[in-house]
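This report refers to the structure that appears directly beneath it.
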Amino acid sequence: MRAIRGATTIGSDCAEEIRAAVAELLNEIKARNALSVADILCILLSNTSDIVSFYPAKAAREAGFSSCALYSSAEPEIAGALPLCIRVLVFAEGDGAPKHVYLRGAANLRKDLKKYSVALDGPSGSGKSTVAKLLAKDLHILYLDTGAMYRACALKAIETECPFDEPSVRALAEKIDLKIVYEGGAQRTWLDGKDVSEDIRRPEVSMAASKISAFSCIREKMVEMQRQIAAEQSCVLDGRDIGTAVLPDAEFKFFVTADSATRAQRRGKELAEKGYDVDLKKLQEEIEERDRNDSTRAHSPLKRAEDAVLVDTSRMTIEEVVAYIKNKIQEKV
Ligand code: DC
């Protein structure tokens with residue numbers, strides 16, 4: 001018999017999140033330990049006392065783990081404990097080393113279980129953010145969109161009519177209040193106490209982000225935040241300088257690119273879906289101008305790290321790119 005441990009966290013105490021988190025955790029334990037439901041004898045679940053809206057054991061039953069004995073209980077309140085956490089202990093038939101599974105925020109609980117970072121760099125429209133999101137979901141690790149952070153700085157500059165000169169941008173960098181939070185696994189970007197996740201996608205913010213990200217005072221602040229987030233858990237980071245400057249020791253590095261016409265088409269489709277009028281030729285010119293800005297700036301230019309795997313996505317579907325990168329990672333993890 002094997003005793004397999006696992007834990008995960010949720011973003012907020014609600015039935016939907018509890019159901020999804022328990023199903024994800026148990027299915028992952030099942031997959032990584034090559035179990036069938038019939039192999040499982042019993043599952044003990046516990047939750048931190050801040051989870052009150054749904055029984056994790058009921059979520060397990062609903063997820064198809066209904067033939068084994070299930071039990072769930074609330075844990076005592078422990079000062080400093082990881083909040084909104086669900087833990088499981090699975091007893092199953094079979095021998096061999098159990099593969100314990102710690103997902104999302106709970107990955108912090110077992111730093112001894114391998115932590116790794118995936119750096120995905122590349123120009124805008126290369127598909128890297130879609131790939132990064134899907135990859136992080138598949139690998140059950142965090143996704144950090146670093147472009148969103150520079151976009152938030154740019155939005156602040158636009159809103160405060162900050163001129164793009166060193167003293168003005170430095171003053172802005174000093175007082176910027178930027179927070180990255182996760183809701184139901186999705187990144188939200190907060191600026192000065194307001195959720196700006198949608199506002200930062202406005203087309204005029206793109207060019208301003210490219211300009212403001214060239215200032216070292218902005219980059220230093222963003223890079224420090226990015227390193228802190230990456231130090232705490234396994235994550236996929238997408239950006240321009242992750243493999244070269246933010247995490248030069250990242251375990252996995254990829255440089256994702258595509259020709260500028262393909263990138264303009266992809267970005268155009270995205271914008272059109274959001275209701276913007278799109279001029280493809282102008283978009284391609286803007287993309288090329290941003291490429292020039294991003295790759296010729298003095299501080300951390302967009303550049304492929306020597307040890308990054310080059311992935312040209314011009315003629316690949318998103319699914320093919322994700323599968324290719326995931327394979328490369330799973331060969332080693
Ligand atoms: O990936 P994106 O289009 O959301 O990024 C917006 C701008 O931010 C981009 O033009 C360059 C800059 N950026 C950067 O300099 N370094 C990063 N790690 C991420 C983005």
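Heads up: numbering here begins at 1 and tracks the sequence. Atoms within each ligand, like the ligands themselves, are counted from 1 in listed order.
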Within the protein, flag every N or O under 3.5 Å from an N or O of ligand 1, and note the pair and distance.
| residue | atom | partner | partner atom | Å |
| --- | --- | --- | --- | --- |
| ligand 1 | 1 (O) | R240 | NH1 | 2.9 |
| ligand 1 | 1 (O) | R240 | NH2 | 3.4 |
| ligand 1 | 3 (O) | R151 | NH2 | 3.0 |
| ligand 1 | 3 (O) | R240 | NH2 | 3.3 |
| ligand 1 | 3 (O) | R290 | NH1 | 3.2 |
| ligand 1 | 4 (O) | R151 | NE | 2.6 |
| ligand 1 | 4 (O) | R151 | NH2 | 3.4 |
| ligand 1 | 10 (O) | R290 | NH1 | 3.0 |
| ligand 1 | 10 (O) | D294 | OD2 | 3.1 |
| ligand 1 | 15 (O) | S213 | OG | 3.4 |
| ligand 1 | 15 (O) | R219 | NH1 | 2.8 |
| ligand 1 | 15 (O) | R219 | NH2 | 3.4 |
| ligand 1 | 15 (O) | R297 | NH1 | 2.8 |
| ligand 1 | 15 (O) | R297 | NH2 | 3.0 |
| ligand 1 | 16 (N) | R219 | NH2 | 3.0 |
| ligand 1 | 18 (N) | T146 | OG1 | 2.9 |
| ligand 1 | 18 (N) | R240 | N | 3.2 |
| ligand 1 | 18 (N) | D241 | OD1 | 2.8 |

Pairs involving residues 30-46, ordered by first then second residue, that meet side chain to side chain donor-acceptor pair (under 3.5 Å) (sequence neighbours left out):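 Qualifying pairs, neighbours excluded: E28-R32, S36-D39, S46-E75.
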Reported CZ-to-CG distance for the pair F254 and L120, which is rounded to 0.5 angstrom: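 CG of L120 is found 7.0 Å from CZ of F254.
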Side-chain ion pair, R201 and E270, N-O less than 4.0 Å: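 No, R201 and E270 are not salt-bridged.
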N/O donor to acceptor pairs below 3.5 angstrom from side-chain atoms of residues 125-134, sequence neighbours left out:
| residue | atom | partner | partner atom | Å |
| --- | --- | --- | --- | --- |
| S126 | OG | P123 | O | 2.8 |
| S126 | OG | V256 | O | 3.3 |
| K128 | NZ | G122 | O | 3.3 |

Plane angle bin for F164 and F215 - parallel if under 30°, tilted between 30 and 60°, otherwise perpendicular: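 Answer is tilted, since the angle falls between 30° and 60°.
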Residues in side chain to side chain donor-acceptor pair (under 3.5 Å) contact with D241, at least two apart in sequence or another chain: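 Result, side chain to side chain donor-acceptor pair (under 3.5 Å) vs D241: R219.
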